[in-house]
Amino acid sequence: QVQLVESGGGLVQAGGSLRLSCAASGRTFSTYAVGWFRQAPGKEREFVATISWNFIRTYYADSVKGRFTISRDNAKNTVYLQMNTMKPEDTAVYYCATGPRVPTTKVRDYDYWGQGTQVTVSS
């Protein structure tokens with residue numbers, strides 16, 4: 001079992017930045033891919049970014065490419081999502097998840113999820 005806890009969410013103005021953290025406990029997730037997803041009110045959960053266990057591969061949703069950066073520190077069992085040039089449409093609850101051996105963009109491929117952290121971008 002892996003327990004994931006997200007932190008770093010909050011309220012930011014459009015154009016601003018936030019950094020989310022996802023800390024894992026229990027079984028280490030250093031050999032698994034980790035993804036970030038988000039869910040806005042009334043919408044389905046959607047893929048944001050994912051990173052392979054060895055940092056080599058990262059993938060981003062088109063909507064965040066060039067603005068968001070995913071990274072990980074396996075020694076600290078933590079994954080980060082740096083969000084820059086934020087837009088009101090980035091407003092959502094952000095979740096980190098792990099489970100697959102290789103990074104994927106599909107919600108169904110991830111077995112373990114955090115409780116989420118709220119991000120609100122004001123215009």
Side-chain angles (χ1 to χ4, degrees):
Q1 287 284 348
V2 177
Q3 293 79 42
L4 304 175
V5 178
E6 302 95 338
S7 62
L11 175 64
V12 64
Q13 288 189 333
S17 300
L18 281 176
R19 188 175 82 153
L20 304 183
S21 298
C22 172
S25 61
R27 189 183 70 186
T28 180
F29 69 2
S30 62
T31 59
Y32 296 87
V34 177
W36 283 98
F37 295 79
R38 65 188 182 187
Q39 188 165 17
K43 295 188 176 181
E44 292 188 353
R45 192 167 298 188
E46 65 174 9
F47 166 75
V48 175
T50 185
I51 186 168
S52 61
W53 70 272
N54 57 2
F55 318 89
I56 290 177
R57 285 184 287 171
T58 57
Y59 301 102
Y60 296 91
D62 288 342
S63 59
V64 306
K65 203 171 293 184
R67 301 187 298 120
F68 290 12
T69 302
I70 188 171
S71 62
R72 67 190 296 169
D73 185 338
N74 286 341
K76 295 182 178 179
N77 250 9
T78 302
V79 173
Y80 306 96
L81 185 69
Q82 177 67 44
M83 305 185 292
N84 298 329
T85 320
M86 297 186 72
K87 305 175 181 179
E89 50 263 45
D90 294 323
T91 295
V93 176
Y94 283 70
Y95 300 89
C96 66
T98 191
R101 290 288 187 175
V102 295
T104 83
T105 65
K106 295 180 172 52
V107 171
R108 65 173 181 264
D109 292 334
Y110 291 78
D111 301 312
Y112 304 100
W113 293 81
Q115 82 292 344
T117 185
Q118 176 69 47
V119 171
T120 303
V121 185
S122 62
S123 57

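This one's a predicted model, so the numbers in the text were calculated from it and none came from an experiment. Just the heavy atoms: all of them, side chains too, but no hydrogens, waters or symmetry mates, feed the values below.
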Given the rule that I, L, V, M, F, W and Y join up when any side-chain heavy atoms are under 4.5 Å apart, are [X] and [Y] in one cluster?
{"X": "W36", "Y": "W113", "result": "no"}
{"X": "V64", "Y": "F47", "result": "no"}
{"X": "V12", "Y": "Y94", "result": "yes"}
{"X": "V2", "Y": "Y95", "result": "no"}
{"X": "M86", "Y": "V48", "result": "yes"}

Quick one: does [X]'s side chain have a donor or acceptor within less than 3.5 Å of a partner on [Y]'s backbone?
{"X": "R67", "Y": "T85", "result": "yes"}
{"X": "T58", "Y": "I51", "result": "no"}
{"X": "D109", "Y": "G99", "result": "no"}
{"X": "T98", "Y": "A33", "result": "yes"}
{"X": "T50", "Y": "V34", "result": "yes"}
{"X": "E6", "Y": "C22", "result": "no"}

Do R101's NZ or CZ and the ring of Y32 fall within the cation-pi criteria of under 6.0 Å and 45°?
-> yes
If you measure from [atom1] on [X] to [atom2] on [Y], what distance do you get to the nearest 0.5 Å?
{"X": "Q115", "Y": "C96", "atom1": "CD", "atom2": "SG", "answer": "8.0 Å"}
{"X": "Q1", "Y": "D111", "atom1": "CD", "atom2": "CG", "answer": "9.5 Å"}
{"X": "Q13", "Y": "S123", "atom1": "CD", "atom2": "OG", "answer": "9.5 Å"}

Shortest non-hydrogen contact between [X] and [Y], atoms and distance:
{"X": "S52", "Y": "N54", "result": "OG-OD1, 2.8 Å"}
{"X": "R57", "Y": "V102", "result": "NH2-CG1, 3.7 Å"}
{"X": "S30", "Y": "W53", "result": "O-CB, 3.2 Å"}
{"X": "Q118", "Y": "T120", "result": "NE2-OG1, 3.3 Å"}
{"X": "A92", "Y": "A40", "result": "CB-N, 3.8 Å"}

Are R38 and V119 close enough, and set up right, to give a side-chain contact (heavy atoms from CB on, under 4.5 Å), and what steps lead you there?
-> CA-CA 9 Å; R38 65 188 182 187; V119 171; over 6 Å; no
Are the charged groups of D62 and K65 less than 4.0 angstrom apart, N to O?
-> yes
Does some side-chain heavy atom of Y59 sit less than 4.5 Å from a side-chain heavy atom of T104?
->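 They are not in contact (no side-chain heavy atoms under 4.5 Å apart), so the answer is no.
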Donor-acceptor pairs under 3.5 Å, side chain of residues 75-83 to any protein atom, not counting sequence neighbours: which ones?
from	atom 1	to	atom 2	distance (Å)
N77	OD1	T28	OG1	3.2
T78	OG1	K76	O	2.9
Q82	NE2	N84	OD1	2.9

Classify the angle between the aromatic ring planes of F37 and Y110 as parallel (below 30°), tilted (30 to 60°) or perpendicular (above 60°).
->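 Rings of F37 and Y110: perpendicular, as their planes differ by over 60°.
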